[in-house]
Colleague: 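Mind having a look at this structure? Questions to follow.
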Amino acid sequence: QVQLVESGGGLVQAGGSLRLSCVLSRRTFSLYAMGWFRQAPGLERQFVSSINWSGANTYYADSVKGRFTISRDNAKTTVYLQMNSLKPEDTAVYYCAAKIHTTDVFTATTGVDYWGKGTLVTVSS
């Protein structure tokens, strides 16, 4: 079965940077649309960013535009989230998501086929 494994979370001061990685366990990675979501305590899981199968098309939540960058390396079956100018409100568990029924960008949790276990990002003020 497909597994997604996230890494790169940690504690950082406001204004700092982190780079998250998500590795897929299968060779069909190039046919999957991929995305990142986050969930803070007491809140619903929210969309952050997604990327189409080839990496040519990306989409971002308004709250992270200009600060976060999503990318993918299909040869390494890995998707990345570069997070710059971090703010305390970015604090959350970040989850990697994969969809096999579409290769385009997506924004909803519905229809996600695989989820990672999450990696915690804490931004201090």
Colleague: Looking only at heavy atoms, which two atoms of Y95 and G116 are closest? And how far apart?
Modeller: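 Heavy atoms of Y95 and G116 come nearest at CD2-O, 3.5 Å.
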
Colleague: Under 3.5 Å, side chain of D73 to main-chain N/O of T78, donor-acceptor pair present?
Modeller: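 Judged by distance alone, no pair lies under 3.5 Å.
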
Colleague: Counting only N and O atoms by type, is there a donor-acceptor contact under 3.5 Å from the side chain of N74 to the main-chain atoms of T77?
Modeller: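 Absent.
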
Colleague: Indicate if Y59 and F106 have the same hydrophobic cluster label, given that clusters are the connected sets of ILVMFWY residues with side-chain heavy-atom separations under 4.5 angstrom.
Modeller: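 Yes, because Y59 and F106 connect within a single hydrophobic cluster, where side-chain heavy atoms sit under 4.5 Å apart.
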
Colleague: Side chains of L81 and V48, heavy atoms from C-beta outward: is any pair under 4.5 Å?
Modeller: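 Yes. Closest side-chain heavy atoms under 4.5 Å.
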
Colleague: Would you say V2 and L24 make side-chain contact, with heavy atoms under 4.5 Å?
Modeller: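 Side-chain contact under 4.5 Å: yes.
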
Colleague: Nearest 0.5 angstrom please: I51 CD1 to M34 CE, how far?
Modeller: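 So the CD1 of I51 and the CE of M34 are separated by 9.5 Å.
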
Colleague: Answer with yes or no whether the side chains of S17 and N84 bring together a donor and an acceptor at under 3.5 Å.
Modeller: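 Looking only at side-chain atoms, S17 and N84 do form a donor-acceptor pair, the distance falling under 3.5 Å.
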
Colleague: Looking only at heavy atoms, which two atoms of W36 and I70 are closest? And how far apart?
Modeller: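 Between these two residues, the closest heavy atoms are CD1-CD1, 3.7 Å.
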
Colleague: Within a 6.0 Å radius of atom OH on Y114, are there more than 12 heavy atoms belonging to other residues, nucleotides or ligands?
Modeller: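 Count over threshold, so yes.
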
Colleague: Taking all heavy atoms of T69 and all of Y60, pick out the closest pair and write down the distance.
Modeller: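 Taking T69 first and Y60 second, the nearest heavy atoms are CA-OH, 3.3 Å.
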
Colleague: Would D90 and K87 pass as an ion pair if we require N to O under 4.0 Å?
Modeller: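 Between K87 and D90 there is no salt bridge, as every charged N stays at least 4.0 Å from the carboxylate O atoms.
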
Colleague: Are W115 and F37, when compared by the centres of their aromatic rings, separated by less than 6.0 Å?
Modeller: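 Centroid separation for W115 and F37: below 6.0 Å.
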
Colleague: Measure from the side-chain N and O atoms of E6 to the backbone N and O of S21, and report whether any donor-acceptor pair falls under 3.5 Å.
Modeller: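 It does not hold such a pair.
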
Colleague: Run the side chain to side chain contact (heavy atoms under 4.5 Å, CB included) check on C96 and V79 step by step: do they pass?
Modeller: CA-CA 8 Å; C96 184; V79 64; 3.8 Å; yes

Colleague: Test your reading of the model: is there a side-chain donor-acceptor pair from T91 to the backbone of V123, 3.5 Å cut-off?
Modeller: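 Checked: pair present.
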
Colleague: Quick one: OG on S49 to CE on M83, what's the gap to the nearest 0.5 Å?
Modeller: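 That separation rounds to 11.5 Å.
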
Colleague: Is it the case that the side chain of T119 and the backbone of G9 share a donor-acceptor pair, with hydrogens and angles ignored and the cut-off at 3.5 Å?
Modeller: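 Yes; judged by distance alone, with no hydrogens or angles, the pair exists.
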
Colleague: Rounded to the nearest 0.5 Å, what separates atom CZ in F68 from atom CG in L18?
Modeller: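 Taking CZ in F68 and CG in L18, the distance rounds to 9.0 Å.
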
Colleague: Taking all non-hydrogen atoms of both residues into account, name the closest pair between P88 and S125 and its distance.
Modeller: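 Heavy-atom minimum between the residues: CG-CB, 3.9 Å.
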
Colleague: Hey, is the main chain of V105 close enough, under 3.5 Å, to the side chain of S50 for a donor-acceptor pair?
Modeller: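 Not at all, since once roles are kept as given, no pair shorter than 3.5 Å links the two residues.
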
Colleague: Would you call L20 and V121 a side-chain contact if the rule is heavy atoms closer than 4.5 Å?
Modeller: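 Yes. Closest side-chain heavy atoms under 4.5 Å.
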
Colleague: Which heavy atom of R72 sits nearest a heavy atom of N52, and at what distance?
Modeller: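 Scanning both residues, the minimum pair turns out to be NH1-O, 2.7 Å.
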
Colleague: Do D113 and Y32 make a side-chain contact, defined as non-hydrogen atoms from C-beta onward lying under 4.5 Å apart?
Modeller: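 A side-chain contact is absent here, since even the closest heavy-atom pair is not under 4.5 Å.
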
Colleague: Would you say Q82 has more than 12 foreign heavy atoms packed within less than 6.0 Å of its CD?
Modeller: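 Counting other residues, nucleotides and ligands, CD of Q82 exceeds 12 neighbours.
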
Colleague: Any heavy-atom pair between the side chains of R38 and V64 that's under 4.5 Å?
Modeller: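 Answer yes - side chains close enough.
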
Colleague: Between L4 and V112, is there a shared hydrophobic cluster once you connect ILVMFWY residues whose side-chain heavy atoms come closer than 4.5 Å?
Modeller: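 In one cluster: no.
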
Colleague: Say you draw a straight line from CD of Q13 to OG of S124; how long is it, rounded to the nearest 0.5 Å?
Modeller: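 It comes to 5.0 Å.
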
Colleague: Looking at V93 and G118, what are the two nearest heavy atoms and their distance?
Modeller: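 In this case the closest contact between V93 and G118 is CG1-CA, 3.8 Å.
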
